[in-house]
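Taking it in order: structure first as C-alpha cells, then the write-up.
Only heavy atoms go into these numbers, but all of them, side chains included; no hydrogens, no water, no symmetry mates. Counting from 1, the numbers follow the sequence of the chain as shown.
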Amino acid sequence: VHGGLLPAWSVPEAMRLAAEVEAALRGPERDTLLAGMRRDGPIPWRDDLSGLERLCSLVNVFVRVRACTEAGVLLEGFSGPPADIPLGYRPWYAHPHARAARMRVVFGHWAALGVASGPGWMALDSGCVWGGKLSACRIDDGAMVSVDAVEAESRKIDRSAG
C-alpha cells in the first residue's frame with residue numbers, strides 16, 4: 001500500500017476495499033472521485049459509508065494514514081517520527097489487534113520513519129523527494145537496494161528543446 005491500512009482491516013478486506021477504489025478510478029466516476037478528494041477535510045472511515053464519501057474515505061486511508069486510534073480514527077496531518085505520535089494514537093501497523101499483522105504489509109509515505117521493518121510490516125520511504133534515497137526491496141529474499149536522489153537541478157526539464 002502507499003500509506004497503510006486500518007487496524008480493523010484484514011488483508012483480504014483491504015484488497016476488496018482497494019478494488020472498489022480501483023474500479024471507480026477506471027470508470028466514469030473517476031473525475032468525480034478525484035474532485036471529491038480535493039474537498040475540505042477527510043471523511044472518517046465507517047463501514048456504512050456509500051458512494052463518493054466511501055471512496056474518498058478509502059483513498060484517504062490507503063494514501064495518507066500514518067497513525068490512528070485502535071478504532072481507526074486517523075491522526076490527520078502528522079508526518080513526524082513514531083516517537084512524536086500523540087497519546088491515544090499509534091502507528092497504524094503497531095496496534096496490538098491489527099488484523100493485517102498476520103501478513104507482511106509493505107508501505108511508504110512516511111519519510112520520517114525511513115526504511116524499517118517489524119513483524120507484519122516493512123516501510124520503504126527513504127525520503128527521495130526530500131533529497132534522500134529511493135529504496136526498494138526484493139520481497140522473495142528481503143534484499144534491499146537504495147539509490148541516491150538525483151539533484152534537483154538535473155530533474156528540470158529543458159522546455160526550450162521543443
Side-chain angles (χ1 to χ4, degrees), residues 1-22 24-25 32-137 139 142 144 146-150 152 155:
V1 296
H2 179 79
L5 307 176
L6 291 182
W9 293 351
S10 65
V11 170
E13 182 177 13
M15 301 219 16
R16 181 181 53 77
L17 294 169
E20 288 183 39
V21 174
E22 181 181 350
L25 289 171
T32 304
L33 172 56
L34 294 174
M37 290 306 303
R38 292 188 206 79
R39 64 185 276 176
D40 291 336
I43 300 166
W45 171 252
R46 295 187 331 265
D47 287 332
D48 65 344
L49 289 174
S50 62
L52 183 60
E53 285 189 330
R54 180 180 181 86
L55 294 169
C56 287
S57 183
L58 288 170
V59 170
N60 191 47
V61 172
F62 288 130
V63 172
R64 296 187 179 111
V65 67
R66 291 183 180 109
C68 61
T69 66
E70 183 89 26
V73 176
L74 274 57
L75 178 58
E76 291 296 327
F78 177 80
S79 61
D84 292 348
I85 294 174
L87 190 63
Y89 294 87
R90 289 183 183 210
W92 64 268
Y93 56 81
H95 285 278
H97 304 298
R99 292 182 62 208
R102 292 182 280 266
M103 298 187 80
R104 175 164 270 188
V105 179
V106 180
F107 64 97
H109 189 65
W110 199 351
L113 177 58
V115 175
S117 65
W121 62 274
M122 177 184 292
L124 292 178
D125 190 335
S126 48
C128 183
V129 73
W130 307 111
K133 294 182 177 287
L134 178 64
S135 296
C137 176
I139 299 298
M144 294 290 298
S146 293
V147 295
D148 290 329
V150 178
R155 285 192 242 174

Are E13 and R99 close enough for a salt bridge, meaning some N to O gap below 4.0 Å? yes
Is there a side-chain contact between [X] and [Y], using heavy atoms and a 4.5 Å cut-off?
X	Y	value
W130	C128	no
C68	R90	no
L6	L74	yes
V61	W9	yes
K133	V115	no
W92	T69	no
P81	L113	no
L58	E20	yes

To the nearest 0.5 Å, tell me how far [X] [atom1] sits from [Y] [atom2].
X	Y	atom1	atom2	result
R104	M122	CZ	CE	4.0 Å
R66	I85	CZ	CD1	10.0 Å
T32	L52	OG1	CG	7.0 Å
S79	R64	OG	CZ	13.0 Å
L25	L55	CG	CG	8.0 Å
L17	M15	CG	CE	11.0 Å

Specify the closest pair of heavy atoms between [X] and [Y], including all atoms of both residues, with the distance to one decimal.
X	Y	answer
E76	N60	OE2-ND2, 3.2 Å
P86	L75	CD-CD2, 3.3 Å
W45	D47	NE1-OD1, 3.3 Å
S135	S146	OG-OG, 2.7 Å

Taking the six-membered ring for Trp, are H109 and H2 parallel (under 30°), tilted (30 to 60°) or perpendicular (over 60°)? tilted
Step by step, work out the side chain to side chain contact (heavy atoms under 4.5 Å, CB included) result for C56 and L33. CA-CA 7 Å; C56 287; L33 172 56; 4.0 Å; yes
Across all chains, not counting sequence neighbours, the salt bridge (Lys or Arg N to Asp or Glu O under 4.0 Å) partners of D48 are R46
Can we call the ring centroids of Y89 and F78 under 6.0 Å apart? no
Please name all residues satisfying ring-ring contact (aromatic ring centres under 6.0 Å, His included) with W110, sequence neighbours left out, ordered by chain then number. none
Derivation and outcome, side chain to side chain contact (heavy atoms under 4.5 Å, CB included), residues V106 and C137: CA-CA 9 Å; V106 180; C137 176; 5.9 Å; no
